[in-house]
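First comes the structure, then the notes that go with it.
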Amino acid sequence: MLTDEYVKRVYAQVEKRDGDQPEFLQAVREVFESLEPVVEKHPEYEKAGVLERLVEPERVVKFRVAWTDDEGKVQVNRGYRIQFNSAIGPYKGGLRFHPSVNEGVIKFLGFEQILKNSLTSLPMGGGKGGSDFDPKGKSDAEVMRFCQAFMTELCRHIGQFTDVPAGDINVGAREIGYLFGQYKRIRDEYSGVITGKGLEFGGSLARTEATGYGLCYYTQEALRVLKNDSFEGKTVVISGSGNVAIFATEKAQALGAKVVTASDSNGYVYDPDGIKLDIVKDIKLGHRGRIKEYAERVPGAEYHEGCKGVWTVPCDIALPCATQNEIDEESAKALVANGCKVVCEGANMPSTPEAIAVYQDNGLLYGPAKAANAGGVAVSGLEMSQNSYRLSWTFEEVDNKLKSIMENIVANSLAAAKEYGHEGDLMLGANAAGFVKVANAMVAQGVL
Ligand SMILES: NC(=O)C1=CN([C@@H]2O[C@H](COP(=O)(O)OP(=O)(O)OC[C@H]3O[C@@H](n4cnc5c(N)ncnc54)[C@H](O)[C@@H]3O)[C@@H](O)[C@H]2O)C=CC1
Ligand SMILES: O=C(O)CCC(=O)C(=O)O
């Protein structure tokens, strides 16, 4: 419940203006609940109208994307880029292509990105973009034409010093290549305007692995500091089978855990002997197949229709890595009832507020998305540095930097939680630590 008068007033304003954007309201409310002790200690933030400005994007770009399908038919999608906050650096955040994309979804993601990017300690502001385009079932040529049409408009709004997009759901190496190529063609400029690029044209080693690996480094460190424990010998449930899920599985296995599930938007597989990641990679990265195929290829593995069932599988640690609000109250209760002690979020906002309350009431170690999945954007920041230097670091150099960034996020979150009277609360700590840096920069730069 919100109690601070300033926080309540600004939240009421957001509800009035953006009441039709439920995901955005959810993200703002969660952050605002954490920020009450912070704004009470810093009256200068209210004086400078920091919260009012924080919830209003600096710029919302919405555009038509017209392209031609393989039958020669004209298709029209909607494109977005929300440039949310540039107080501590150029706007930075991914692009999502999914039929569920609308302004409210991109706004929640952009809002989360402001504090996430701040937590990395690298100079990046917050932004996000995407389209309601659904690449499922489209040919490579159709995806290319869509990406070219999307970038033809987007290119006038972005640049290496202003706004640097990257990937998100359904935007991976293939899409980034097409988007980068079109930017270069139109602007006649070879720069680090997008991250997640191929290694041949300015990408960073370890960016592909970064979000999943970073999630495990964060979880391992939080387990060490708060529970004197580790991944070793633990049973882990992971949802999704995309970029984040695959590399979270790889690192959790390397750290000694047994990962027993993988899922997609149709259903999940349970492999009691532990997921064979080479088979998941072959299905998902090799030929963009469905996860159901795993159970057809691996004796002893089971396939179940529907995504929610994955949270009924007994585990010690759950790492949601698919999409927003994938764990509701009922699923959170099932996790707790089956012995789960740790939830760290690879996806953005995968837990509903009711699910988070279940974790808190039952004393779970809860690592919120904006801290736990910050490894992807952190390595994007390192890609920007390498592009500026015109050099490439080795995999080990980038991976070591990623690990220490994730460990620092745990330390800084715990320090902020303590400072604001909520010792051990990784969620409040992440929100507070991410916010204070941005708020101070906003105060220092005047009313903008
Ligand atoms: N790629 C990155 O670097 C980062 C991604 N994230 C977040 O991680 C999550 C996953 O993203 P990626 O792995 O990059 O995308 P992806 O496109 O590679 O994979 C998405 C996965 O989620 C599954 N999925 C999508 N909608 C679903 C639904 N309604 N129910 C169940 N499963 C569903 C898909 O089948 C797929 O396995 C998203 O929330 C994204 O915002 C967060 C930080 C960085
Ligand atoms: O690498 C990036 O710039 C963005 C990653 C992203 O979209 C996210 O952190 O949710």
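The first residue in the sequence is number 1, and the count goes up from there. Both counts, for ligands and for their atoms, begin at 1 and track the order of listing.
- Of the N or O atoms in G167, none lie within a sub-3.5 Å distance of an N or O in ligand 1.
- Residue contacts with ligand 1 for A210 are absent, since no atom lies close enough (heavy atoms, distance under 4.0 Å).
- Each of the atoms 1 (O), 2 (C), 3 (O) of ligand 2 lies under 4.0 Å from some heavy atom of S380.
- For ligand 2, the atoms lying closer than 4.0 Å to a non-hydrogen atom of G167 are 7 (O).
- For the pair K184 and F201, the cation-pi criterion (under 6.0 Å, within 45° of the ring axis) is not fulfilled.
- The pair D271-K258 does not meet the salt-bridge criterion, since no charged nitrogen lies less than 4.0 angstrom from a carboxylate oxygen.
- The shortest N/O to N/O separation between N348 and ligand 2 falls below 3.5 Å.
- Ligand 1 has at least one atom lying under 4.0 Å from a heavy atom of S241.
- In terms of polar-atom proximity, T211 is counted as a contact of ligand 1, with an N or O under 3.5 Å from an N or O of the ligand.
- Considering backbone and side-chain atoms together, N243 places an N or O closer than 3.5 Å to an N or O of ligand 1.
- Which parts of ligand 1 touch R96 is read off a 4.0 Å heavy-atom cut-off, strictly below it: atoms 38 (C), 39 (O), 40 (C), 41 (O).
- Nearest non-hydrogen protein atom to atom 28 (C) of ligand 1 is T323 CG2, 3.6 Å.
- At a 4.0 Å cut-off, not a single heavy atom of M124 sits close enough to ligand 2 to count as contact.
- Of all heavy-atom pairs spanning W311 and A334, the tightest one is O-CB, 3.8 Å.
- Both the backbone and the side chain of V377 come within 4.0 Å of ligand 2, counting heavy atoms alone.
- Set against the non-hydrogen atoms of G240, the atoms of ligand 1 under 4.0 Å away are 37 (O).
- Remark: distances from the non-hydrogen atoms of K284 to ligand 1 are all 4.0 Å or more.
- Counting heavy atoms closer than 4.0 Å to ligand 1, residue R207 contributes side-chain atoms (C-beta onward) but none from N, CA, C or O.
- The aromatic rings of F24 and F84 sit tilted relative to each other, their planes meeting at an angle between 30° and 60°.
- The heavy atom nearest to atom 5 (C) of ligand 2, out of those in K92, M384, R207, K370, is found in R207.
- Where the criterion is an N or O separation shorter than 3.5 Å, residue side chain and backbone included, K116 fails it with respect to ligand 1.
- Inclusion of H98 in the set of residues having an N or O under 3.5 Å from an N or O of ligand 1 is not warranted.
- Residue K401 holds its NZ atom at 4.5 Å from CH2 of W393, rounded to the nearest 0.5 Å.
- Ligand 1 has a nitrogen or oxygen under 3.5 angstrom from a nitrogen or oxygen of D168.
- Considering C307, G376, S263 only, the shortest heavy-atom separation from atom 31 (C) of ligand 1 involves C307.
- The protein atom (non-hydrogen) at minimum distance from atom 4 (C) of ligand 2 is G94 N, 3.4 Å.
- The minimum heavy-atom distance between T235 and P314, with the atom names listed, is CG2-O, 3.8 Å.
- Here the closest heavy-atom approach between residue I82 and residue P57 is recorded as CG2-CB, 3.7 Å.
- Scanning the protein heavy atoms around atom 6 (C) of ligand 2, the nearest turns out to be K128 NZ, 3.6 Å.
- With values rounded to the nearest 0.5 angstrom, L122 atom CG is found 5.0 Å from I405 atom CD1.
- Of the residues listed (F97, Y178, W67, F133), the one engaging F150 in a side-chain contact (heavy atoms from CB on, under 4.5 Å) is F97, and it is the only one.
- Taking both residues in full, the closest heavy atoms of V398 and A206 are given as CG1-CB, 3.9 Å, listed atom of the first, atom of the second, then distance.
- Under a 4.0 Å criterion applied to the non-hydrogen atoms of G346, ligand 1 contributes the atoms 6 (N), 7 (C), 8 (O), 42 (C).
- Between the S204 side chain and the R207 main chain, no donor and acceptor come within less than 3.5 Å of each other.
- Nearest protein heavy-atom neighbour of atom 38 (C) of ligand 1: A322 O, 3.4 Å.
- Under 4.0 angstrom from ligand 2, there are no non-hydrogen atoms of V379.
- Using a cut-off of 4.0 Å between Lys/Arg side-chain N and Asp/Glu carboxylate O, R224 and E221 are scored as salt-bridged.
- Atoms of ligand 1 found under 4.0 Å from any heavy atom of A347 (numbered from 1 in listed order, with element): 7 (C), 8 (O), 9 (C), 39 (O).
- In terms of protein heavy-atom proximity, atom 19 (O) of ligand 1 is nearest to G242 CA, 3.3 Å.
- Proximity of K116 to ligand 2, defined as any heavy-atom pair under 4.0 Å, is confined to the side chain (atoms from C-beta onward).
- The salt bridge (Lys or Arg N to Asp or Glu O under 4.0 Å) test with D264 singles out one residue from K284, K292, R288, and that residue is K284.
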Check your understanding: Going through the checks in order, is the side-chain hydrogen bond (donor to acceptor under 3.5 Å, both in side chains) test met by K107 and Y80?
Key -> CA-CA 10 Å; K107 259 173 87 173; Y80 300 91; over 6 Å; no
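- Heavy-atom proximity to N170, at under 4.0 Å, picks out these atoms of ligand 1: 17 (O).
- The protein heavy-atom contact nearest to atom 11 (O) of ligand 1 is I169 CG1, 3.7 Å.
- Residue contact check: C321 has heavy atoms under 4.0 Å from atoms 9 (C), 10 (C) of ligand 1.
- Closest approach of N387 to G202, counting heavy atoms only: ND2-O, 2.8 Å.
- Of the candidates N348, D264, V244, the one placing a heavy atom closest to atom 35 (O) of ligand 1 is D264.
- Side-chain polar atoms of D163 and Q83 form a donor-acceptor pair below 3.5 angstrom.
- Interatomic distance, CD of E250 versus OH of Y213, reported as 3.5 Å (0.5 Å rounding).
- Among all heavy-atom pairs drawn from P320 and C344, the shortest one is CD-O, 3.3 Å.
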